[in-house]
2 protein chains.
Amino acid sequence: MSNPTDRPARRIALLKALAHPSRLAIADALQSGERSVCDLTALVGADISTVSKHLRLMRAAGLLTAEKRGLKVFYRLKCPCLLSFFECVDGLVPDSPAKPDADARRPGFPR
Amino acid sequence: MSNPTDRPARRIALLKALAHPSRLAIADALQSGERSVCDLTALVGADISTVSKHLRLMRAAGLLTAEKRGLKVFYRLKCPCLLSFFECVDGLVPDSPAKPDADARRPGFPR
DNA sequence: AATCTATTTGGCCAAATAGCCAAGTAAAGG
DNA sequence: CCTTTACTTGGCTATTTGGCCAAATAGATT
């Protein structure tokens, strides 16, 4: 999985890169412009090393770029279209948000 | 995380539901219509119980619905728009697919 | 009712992921 | 050159996820 050269693997890497609360929050924050690692650390409230690793993963997935200026490293979204992507995600499931197919975990479910 | 009632949690559940090779393949297959669990088991080549659990997860995320007819349970995509969603995912990162930000794992990377 | 097929569930183990801490690197400033 | 600030990396545990097997459930068939 290290080098996602085929399409499914790249899709999976991208989806995984956003499928975590801290990473989603990071991506969301970066929509309004670049942020340094410690900005983002303050945002998500985890250890800076943890955040750094999240950023590395997102970068490897192709979501982010990094630029070092002085002591700080600024991360930036590579794509301009995250907002519409989120709308696309939200639009995936049109109807009831809170109880998605509520009986999905009842034993002996379908009837 | 069990009942994703807030927006980020629902987004994450949806993204996770697709961020796995078997589940992505299942979603892809269901684009051409409903399939039974053993159809899908043949498709992904894992134990049927494993596939059943993948399906449960995807269903809990709100991606799928299930309908039992006779002995079989048929799963179907809840949304009609998966294809355009995949295009949306692919479009997230416009440029070079094979080596996304190649120096992302070099030590002391930015310079 | 006994059996067969299709599926779900529970239990358990292995692998992947996420977290923290400590140590290392890099640029800036004294 | 020593220190400080900002990050990254390595190492270690803890949690989560994925997978298989065996057992349970459900409807169809005999």
Side-chain angles (χ1 to χ4, degrees), chain A residues 1-2 4 9 12-26 34-61 64-76 101 103-111, chain B residues 1-2 4 9 12-26 34-61 64-76 101 103-111:
Chain A
M1 194 200 286
S2 55
I12 288 167
L14 243 352
L15 293 168
K16 274 196 188 155
L18 291 169
H20 182 283
S22 303
R23 295 196 294 263
L24 192 66
I26 287 170
E34 61 177 22
R35 296 276 188 280
S36 71
V37 179
C38 60
D39 290 346
L40 295 169
T41 296
L43 179 79
V44 310
D47 192 273
I48 190 177
S49 68
T50 301
V51 173
S52 179
K53 282 171 184 172
H54 282 311
L55 290 167
R56 160 138 70 124
L57 185 153
M58 295 172 82
R59 196 178 179 217
L64 308 181
T65 38
E67 186 189 350
K68 184 158 193 171
R69 291 204 301 275
L71 282 180
K72 299 189 172 182
V73 176
F74 292 92
Y75 282 84
R76 181 178 11 234
D101 204 9
D103 44 13
R105 60 191 68 239
R106 231 179 31 224
F109 73 97
R111 170 125 343 270
Chain B
M1 195 199 286
S2 55
I12 287 166
L14 242 354
L15 294 168
K16 273 194 189 156
L18 291 169
H20 181 282
S22 303
R23 295 197 292 264
L24 192 67
I26 287 170
E34 62 178 20
R35 297 275 188 280
S36 72
V37 179
C38 59
D39 289 346
L40 295 169
T41 297
L43 180 79
V44 310
D47 192 274
I48 190 175
S49 68
T50 301
V51 172
S52 178
K53 281 170 184 171
H54 282 311
L55 290 167
R56 161 139 69 122
L57 186 153
M58 294 172 82
R59 197 177 179 218
L64 308 181
T65 39
E67 186 190 350
K68 185 158 191 170
R69 291 202 303 273
L71 283 179
K72 299 189 173 181
V73 177
F74 292 91
Y75 282 85
R76 180 177 13 234
D101 205 8
D103 43 14
R105 59 193 68 239
R106 229 177 36 220
F109 73 98
R111 169 138 348 277

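First the proteins, then the strands, lettered A, B, ... as listed; each starts at 1.
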With a cut-off of less than 4.0 Å, is there a side-chain N or O of [X] near OP1 or OP2 of [N]?
X        : N       : result
Arg56(B) : dT9(C)  : yes
His54(A) : dC7(D)  : no
His20(A) : dG19(C) : yes
Tyr75(A) : dA6(D)  : no

Between [options], spot the one nearest the side chain of [X], thanks.
X        : options                   : answer
Ser49(A) : dG10(D), dA26(C), dT8(C)  : dG10(D)
Val37(B) : dT17(D), dC21(D), dT8(C)  : dT8(C)
Ser52(B) : dT9(C), dT9(D), dG19(D)   : dT9(C)
Lys72(B) : dG19(D), dA6(C), dT9(D)   : dA6(C)
Leu71(B) : dG11(C), dC21(C), dG27(D) : dG27(D)
Thr50(B) : dG19(D), dT8(D), dT8(C)   : dG19(D)

[N] [atom2] sits how many Å from [X] [atom1], rounded?
X        : N       : atom1 : atom2 : answer
Ile48(A) : dG24(C) : CD1   : C1'   : 14 Å
Ile26(B) : dT7(C)  : CD1   : P     : 12 Å
Glu67(B) : dA26(D) : CD    : C1'   : 16 Å
Leu57(A) : dT8(D)  : CG    : P     : 13 Å
Leu40(B) : dA6(C)  : CG    : P     : 14 Å
Lys68(A) : dT25(C) : NZ    : C1'   : 8 Å
Met58(A) : dT8(D)  : CE    : C1'   : 17 Å
Glu34(A) : dC7(D)  : CD    : P     : 12 Å

Comparing Cys38(B) and Lys53(B) on DNA chain C - which has the more 5′ nearest nucleotide |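 Whichever sits nearer the 5' end wins; that is Cys38(B).
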Earlier contact from the 5' end, DNA chain C, for Asp47(B) and Asp47(A) |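 That would be Asp47(B).
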Could you tell me whether Arg69(B) contacts a base, only the sugar-phosphate backbone, or nothing, with contacts defined as non-hydrogen atoms closer than 4.0 Å?
->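 No contact.
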Is there side-chain contact between Ile12(B) and Pro21(A), with heavy atoms separated by less than 4.5 Å?
->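 Counting from C-beta outward, Ile12(B) and Pro21(A) do come under 4.5 Å.
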Nearest 0.5 Å, please: how far is [atom2] in [Y] from [atom1] in [X]?
X        : Y        : atom1 : atom2 : value
Leu64(A) : Tyr75(A) : CG    : OH    : 8.0 Å
Ser49(A) : His54(A) : OG    : NE2   : 9.5 Å
Leu40(A) : Glu34(A) : CG    : CD    : 10.5 Å

Within the distance-only criterion (no hydrogens, no angle test), does the side chain of Arg35(B) pair as donor or acceptor with the backbone N or O of Thr41(B) below 3.5 angstrom?
->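 Flag not set: sc Arg35(B) to bb Thr41(B) has no pair under 3.5 Å.
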Backbone of Thr65(A) reached by a side-chain donor or acceptor of Arg76(A) within 3.5 Å |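 Answer holds: no.
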